[in-house]
J.: 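Dumping the structure here so I can ask a few things about it.
As the structure is a computational prediction, the values presented were derived from the model and not from experiment. Per chain, numbering begins at 1; letters A, B, ... match sequence-line order.
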Amino acid sequence: VTELRVAAAAATAAPRARRRPLRLGGWPGMLVAALFVLPPLLWLAAAMGEALLHSGPAVFDRISRALLGRSLLLAGTGALLAAALGVPYGWLTARYHLPARPLLLLASLLPVLLPPYAAGYAWMVLFSKEGALNAALLRWGWVRAPIEPFGSWLAAAVVLAFCYWPILAWLTHLSARAVPRSLDDTARLALPDGAAARWAAAPLLRAALPAGALLVFLLALADFGVENGLQVRVYPVEIVNAFQKDWNAGQVARLALPLVAAILALVMLQLRCLERTPVEGSAEPVTHLLPGALPRWGGAAFCVGVLAFSFAVPFGVLIASSLPLSTYPEVWAESADHFGNTLVTAGGGALLAVAIALLYGWHARGRRLAGLDLALTLPYALPASLIGIAMIQLLNRPGLPGWLYGSLGGLVWLYVALFYPFAHKALQPAWARVDPELLDEAAVAGAGGWTRFGVVAWPAVRGYAAAGGALVAVLSAREMDATALLRVPGGDTLAFRIQDYLHFAPGPNVSALCVLVVALSAAVVGSVAAWAWRAEG
Amino acid sequence: MRPFLSLALIAALPLTLAGCAARSPEAEEVVVYTSLDEPYARPVLEAFTRDTGVRVQPVYDTEANKSRGLAQRILAERGRPRADVFWSSEVMQMLSLRKAGVLQPYRPKSAEDIPARYRDPEGAWTGFAARFRVLVYYQPKVKTPPQSLLDLEEPAWRGATVMADPQFGTTMTEAAALFQRLGSDRARAHYRKRRENGVRIVDGNSVAAETVARGDALVGQTDTDDALIRIDQKRPLGMLFPDQKGIGALLIPNTAALIAGGPHRDQGERFLEYLLRPETELTLANLPSRQLPLHESLKEKLPEAVRPLAKVRAMEIDYSRLQERYDEVDAFLREVFAQ
């Protein structure tokens, strides 16, 4: 085992030298993944099929058209704005000698810790009609009437862009860093430094940017929290409202059909783009950094400005509006149970999703079933409420499903169904780091399956598993719309409480709850990063 | 195959633990679905647990879907009820559940003192702790507020009024009451005129009150609790009881009922007895929501905070018959306020 460990460490360090497809059958892992993720999708597909076959009012009616138009407009604007922020940020941190460059890169993860609805709430507080900012703008004569984000799809798009630009920044950064140095050097023989860098990176960026922009577009399209807070009527908000009104799941499936059709096409496109996107950098030495004082200081100022508007300002507003400090003990007294429920369900969802993704990956190394891959990835792009509604239909029945329906286990399954795609995608590139020859040698030497997994595969994939788990945990802890539908007696989470208070009586308690969710997310990400750091030496 | 089995076990663990975390078979518990705002319901639920040792597993409604969301959930779960008690903040949805046959008749001894008109004749539900529907106005800009709901049809209030979605909560009950009190034609004309007059529809009564308190609308319809909280906060909000020279202001009691086939019948009955005691009404009266006790025995002992409410002229309504036109009212409101 010790020899195997040494060999595995060597193989992990140079993973690209010996890739080949494995001949293991993948069915057990695929089956488990399918059992957890596909049932709500199958229910949705059946309900929508019935809606299509059923003779009734047109599926794509006036209301659906208006909703789809507004939702697409909002998501498209959000994606464009996110690109305007993220692409320069990623390029500057990848190619220029910015001051505190690693810190700027790390700080770009901060907006991810802020749930979009919390950011939206912070901007609502900042631009409250009676607030200091509007009063100052009016006094200075910069505006004639108070600026208010309420009911504005543009405000929602701006908030979402501030939340999701890091996706485009990181994809741009990774693409720029993946350019082979030799190509960059060759280009500089004929072009100035800046132009050469852009020319050399262009093929990778052409793949990465559409993938990133589409990802942001889809996330914005499925978002509920920001639009619900700002009272913008888009598809995800109307789906929740329509279901709450009558609990008629078939009717909701019919309403959502045009949206789901659009999402399905876009996810297929997004996956194709993502496959051509570099996510691990180049095997060659990285390209050199470009000189220039203007980009250096101007770029740094741009990056700091983006961070300020996307994290520092909204988070600062949340902290300021949560004061006095006595709010926190009060909120804790009211919400300790909710905090516990959030820990149990988000933690359970993350563990389960990663375990399933590991199982799938272990059994399916080298094999891809495109249809299954698409189905397992699809839930991230759907409005979470649709998955929630499907889960209610599946669980609200006698026997084991009914037991899950009445317990936090139902929420755990819901989070797995919703966020498994993130664990799945996070682990997918990791299996290329596992040395198949070493696995074969270990098998010949008599090592059992668990030993082969633990000693050969786990060291190569654990960092990816940790990242995927952290992502699932953070997303589960902040999930709002599906959680509000699949209510468990005594099982409300922090996110649900925020949603309810947002409608009922926004105030310091909402801000304090948002700060708690951010702190929880930071603790999860920080713990996982520290563990991965130690594990990787 | 061993990794498969091991990982499958790991995968099953969170579901099992989460399931067990939510259900401890030894603990006595009661599942209560309630659409009363959580800050006002929670003290009562906690006091019940403190006094009886029975743990309450609550499911609160969201502000935007008041009562209707929970009532629809109870209907969807009728094959395998999960709730023991439904504590509604209004009447209409309780009547729908009664009609659907999902309520378990039960006459709490502690509620015998509550007047019969606030109770179901067959004991399916009991009313208690009432609120009024009120008009709120933005004080800095409204010097002569409207005195009647019907005044809001006038062009003077075009684009200046706000109310919660009338398909939910007490706004729905108010619509049903107007249909009963004014007659179908007049009530229909009222809502059509309100729509033409540009009434803004928002998610819940608290949002309606908040919209007026911010000056985004000049006049709104809401419940006493949502208005009084903001007035206590010194917001520029005025409140008046409408139609004091006419049909009166609508009094909306909370209602509570046992769910037929609920998993904890005994605890459900204990909870209902506790909830409908005069002491609980006093607790609710002394909270910032100031709900008016309905027990006859409390008439002379009303807390200071709710005494003014006892003097308000209330609309004369047959609560148990509000449901008769539910389908008509619901279909009409959907048609008029579909967005």
J.: What part of B/E77 is in contact with chain A, defined as an atom under 4.5 angstrom from a non-hydrogen atom: side chain, backbone, both or neither?
T.: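 Backbone plus side chain of B/E77, per the 4.5 Å heavy-atom cut-off to chain A.
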
J.: Select one option (side chain, backbone, both, neither) describing which atoms of B/R78 are under 4.5 Å from chain A's heavy atoms.
T.: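 No part of B/R78 comes within 4.5 Å of chain A.
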
J.: Using a 4.5 Å cut-off on heavy atoms from C-beta on, say whether the side chain of A/D492 contacts that of B/Y60.
T.: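 Yes, their side chains come closer than 4.5 Å.
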
J.: Measure across B/R68 and A/K245 and return the closest heavy-atom pair with its distance rounded to 0.1 Å.
T.: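 The answer is NE-O, 2.8 Å.
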
J.: Report yes or no: does B/R82 contribute a side-chain atom to a donor-acceptor pair with the main-chain N or O of A/V488 at less than 3.5 Å?
T.: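 Judged by distance alone, no pair lies under 3.5 Å.
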
J.: So, do A/F243 and B/Q72 sit near enough that their side-chain heavy atoms are less than 4.5 Å apart?
T.: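 The answer is no; the side chains never approach within 4.5 Å.
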
J.: With a 4.5 angstrom heavy-atom cut-off, which part of A/D246 approaches chain B: side chain, backbone, both or neither?
T.: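 Both parts, backbone and side chain.
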
J.: By side-chain hydrogen bond (donor to acceptor under 3.5 Å, both in side chains), which residues pair with B/S96, not counting sequence neighbours?
T.: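 B/S96: side-chain hydrogen bond (donor to acceptor under 3.5 Å, both in side chains) contacts with B/Q323.
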
J.: With only heavy atoms counted, which part of A/R497 is less than 4.5 Å from chain B, the side chain, the backbone, both or neither?
T.: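 Contact with chain B involves the side chain of A/R497 alone.
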
J.: Going by the rule side-chain hydrogen bond (donor to acceptor under 3.5 Å, both in side chains), which residues pair with A/S476 if we only count those two or more places apart in sequence or in a different chain?
T.: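 Not a single residue meets the side-chain hydrogen bond (donor to acceptor under 3.5 Å, both in side chains) criterion with A/S476.
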
J.: What are the two closest heavy atoms between B/A76 and A/W247, and how far apart are they?
T.: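 It is CB-CE3, 3.4 Å.
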
J.: With a 4.5 angstrom heavy-atom cut-off, which part of B/D216 approaches chain A: side chain, backbone, both or neither?
T.: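 B/D216 touches chain A through backbone and side-chain heavy atoms alike.
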
J.: Is A/L411 in contact with chain B via its backbone, its side chain, both, or neither, using a 4.5 Å heavy-atom distance?
T.: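 It is neither, since no heavy atom gets under 4.5 Å.
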
J.: Could you tell me if the side chain of A/R487 sits less than 4.5 Å from the side chain of B/R73, heavy atoms only?
T.: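 Heavy-atom side-chain distance check passes, below 4.5 Å.
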
